[in-house]
2 protein chains.
Amino acid sequence: MRGNRNLAQKIKLSTIAEALGLSTATVSLALRDSPLVADVTRDRIKEKAIELGYIYNRRAASLRTSRSGIIGVVVHDIMNPFYAEILKAIETELDRSRQTFILSNHYDSVDKQRNFIETLLQLGGDGVIMSPAIGTPASDIRLAEDNGMPAILIARSVPEIDVPTFRGDDAYGTALATNHLISLGHTRIAMIGGTDHTSTGRDRYAGYANALKKAGIEVDPALRIPGPRTKQSGFEAAVNFLANPLKPTAAVCWNDLVAIGLMNGIARAGLVPGKDISVTGYDDLEEAAIATPALTTVWNGQSEVGRFAARALLDKLNGSSEADGLHLIKPEMRIRQSTSPLNPGAGR
Amino acid sequence: MRGNRNLAQKIKLSTIAEALGLSTATVSLALRDSPLVADVTRDRIKEKAIELGYIYNRRAASLRTSRSGIIGVVVHDIMNPFYAEILKAIETELDRSRQTFILSNHYDSVDKQRNFIETLLQLGGDGVIMSPAIGTPASDIRLAEDNGMPAILIARSVPEIDVPTFRGDDAYGTALATNHLISLGHTRIAMIGGTDHTSTGRDRYAGYANALKKAGIEVDPALRIPGPRTKQSGFEAAVNFLANPLKPTAAVCWNDLVAIGLMNGIARAGLVPGKDISVTGYDDLEEAAIATPALTTVWNGQSEVGRFAARALLDKLNGSSEADGLHLIKPEMRIRQSTSPLNPGAGR
DNA sequence: CTGAAAGCGCTTACAG
DNA sequence: CTGAAAGCGCTTACAG
């Protein structure tokens, strides 16, 4: 009996109410398991609802209650495994509380991001989790907050904004990777990828530079190849890296994707990554462990970031908002086969 | 002046109307650029709306018009680059017509998928694009269609369902890959990955088996390793593949991910993929071209599938529904470095 | 335990 | 070109 092929008459609360000789108020309460309704009545109502193929109209409900059950999530690019791993954790957490989540990429376009926030507001979104686009103004976060839609930030911070923010301790993390290479005897260490336009980019470069300085190694700008953030661009960077007259023996990469791309590029040039050149990644994506060679990298807590962010938002929606401000996740070193002691005899 | 920090009074159409001494009808029409409203009036209204920080309430509008501007998309796993590439194409297409799209994974759970369809119906979704979960019953598609929400299928078909369906010609595609290996002199060709529970799985195996038969090569079930669909499982399958007493010299893989994983596993075992063992992928992901060695694979038209599916849905929403039924995209061979002529001397 | 009535914020005929 | 009024389908006080 389910489904009405010709949309002649839509089934609504009042259809059920009339069919049973009850009021819509009772039907509404019964379908939401209110204890106010007698058990027998509730059962009759629920049966009828199924029989008629009733579909709850959330728009109507939400118009009345001003709560939609919708949570927005916007990141640079959901295809990027780094964000994908965060999203999976968010999804798991939100699924439990039966929230619908709306996903979007902003591709670092502030306009596309603002558009998304506005759409979400129009839909009555309950909250938003965002990895802010490069250059996000504080006003865009406030647009959400001021209209009653709390925001949570992940992976990046926004100046002047104090909403709950979850990300890794980037400076600490790249220092870990750099120190690891130094301890293996490397001194000509390049930094591949990243941009100075994000807090993440600046922090990671600072971590690398400080680690070198502390070890008494000069920081040479010629050893930096800024830009790459994808496998493809890491692959392409291999040419410049290998042609560098300073002959670096190791590379600290912006992330695992760049590292894997770079290793592929190095292999394509006939050298053996992990032996001839040591390479570190960043993030510890699932894929890092099965790369060839297995990638030495820095665990960046994607699943933690996603889980914490989702919980912080749900907490806020439930009235307890104690998590404001920055929450740094401590990265950890994962040593595998893509790094090895400097072999002074090998030379390049 | 934008944003009202204390949500004391929400700005709505009537707020603007009162402020200007107009009716809500006029304000509503003006904001949607109706020619019925005088230019001066319209401009005054729009200015006021911005000044007050008005946010259009789509729930209210949609309740009235029964059109929401929401399109749902549900696939097995948005993290999987195969689906991610399709999604990107869909996003590009839908963005143009300013539709909001809601994304979800079903992880091949029919329940999770039905849940999503129901949620979408509750939100008044205008349509749904889905790559159906394994075992999707026809009734779940009809649930959407019968309630006025047209469905488009991608990547997989559902028996008895005739809605517009876009996918690659899988049997043809794996036959291409298999014939390529045969032309290189290989005869002991394994098939790695996939499942008989989907039309795709059955078609790809059939394409492989038929190509072998046509070439007069016996199809030996012992050369099939069903199951793997990810990089990780392709990597793990390398052990069994290499231990196979039939000593296969080539592998037709379920998809690029399995192929890349398998190549990593082969490399880890000390053999050289592309020389000692020929490997073909399927899909031609962006990543295939930069794998080491660059992967010989079958282009599967992800961007075409996404673009066609989105257009078919938009067409349906605009009343022109001429695209019912199955639309097969013709795959094409992409020959790179992961396959090479059988070297009879090499032996294993 | 159940019902009558108001209202959420829009849009759409219908008047003028 | 503009306005008054009804209605989309719910939920929520308020009565009884």
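We use all heavy atoms of the structure for the numbers below, so side chains are in, but hydrogens, waters and symmetry mates are not. Order of the sequence lines sets the chain letters (A, B, ...), proteins ahead of strands, with each chain counted from 1.
When both distances must be under 3.5 Å, the Watson-Crick or G-U wobble mate of D/dA13 does not exist. In this structure, D/dA4 forms no base pair with any nucleotide, since neither Watson-Crick nor G-U wobble geometry is met with both distances under 3.5 Å.
The shortest distance between the side-chain N/O atoms of B/S23 and the OP1/OP2 oxygens of D/dG3 is below 4.0 Å. For C/dT11, the OP1/OP2 oxygens have a side-chain nitrogen or oxygen of B/R32 closer than 4.0 Å. Remark: B/T41 is in phosphate contact with D/dT2, judged by side-chain N or O atoms under 4.0 Å from OP1 or OP2. Between A/R67 and the phosphate of D/dC10, there is no side-chain N or O to OP1/OP2 separation shorter than 4.0 Å. The side chain of A/S28 contributes no N or O atom lying less than 4.0 Å from OP1 or OP2 of D/dC10.
Taking atom CZ of B/R59 as the reference point, atom P of D/dG7 lies 23 Å away to the nearest angstrom. Rounded to whole Å, the distance from CZ on A/R44 to P on C/dC1 is 15 Å. Taking atom CG on B/L121 and atom C1' on D/dG9, their separation rounds to 16 Å, with Å as the unit. Across the protein-nucleic acid pair, B/N57 atom CG and D/dC10 atom P stand 17 Å apart, rounded to whole Å. In this entry the distance linking NZ of B/K10 with P of C/dG9 reads 7 Å, nearest Å. Rounding to whole angstrom units, CG of residue A/L36 and P of D/dG16 are separated by 18 Å. Between the C1' atom of D/dT2 and the CZ atom of B/R42 lies a distance of 15 Å, rounded to the nearest Å. Between A/R58 atom CZ and D/dT11 atom P there is a gap of 12 Å when expressed in whole angstrom units.
Closest to the A/A60 side chain, of the nucleotides C/dG3, D/dC10, C/dT11, is D/dC10. Residue B/R64 places its side chain closer to C/dT11 than to any other of C/dA5, D/dT2, C/dT11. Each of D/dG9, D/dG3, C/dT2 was ranked by its minimum atom distance to the side chain of B/L22; first place goes to D/dG3. Comparing atom distances between the B/Y54 side chain and each of C/dC10, D/dT11, D/dC8 picks out C/dC10 as nearest.
Here the side chain of A/S34 pairs no donor or acceptor atom with the backbone of A/A30 at under 3.5 angstrom. Looking only at distances, no side-chain donor or acceptor of A/T41 sits under 3.5 Å from a matching main-chain atom of A/V37. No donor-acceptor distance shorter than 3.5 angstrom exists from the side chain of A/N147 to the backbone of A/M149, with no hydrogens or angles considered.
Test B/V128, B/T136, B/I117 against B/I141 for side-chain contact (heavy atoms from CB on, under 4.5 Å) and you get one pass: B/T136.
In this structure, B/E85 does not pair ionically with B/K88, as no charged nitrogen and carboxylate oxygen lie closer than 4.0 Å. Between B/K316 and B/D126, none of the side-chain N atoms (NZ, or NE/NH1/NH2) sits under 4.0 Å from a carboxylate O, so this pair counts as no salt bridge.
Looking at heavy-atom distances under 4.0 Å, A/A25 makes contact with a base. Within 4.0 Å of B/G124, counting heavy atoms only, lies no atom of the nucleic acid at all.
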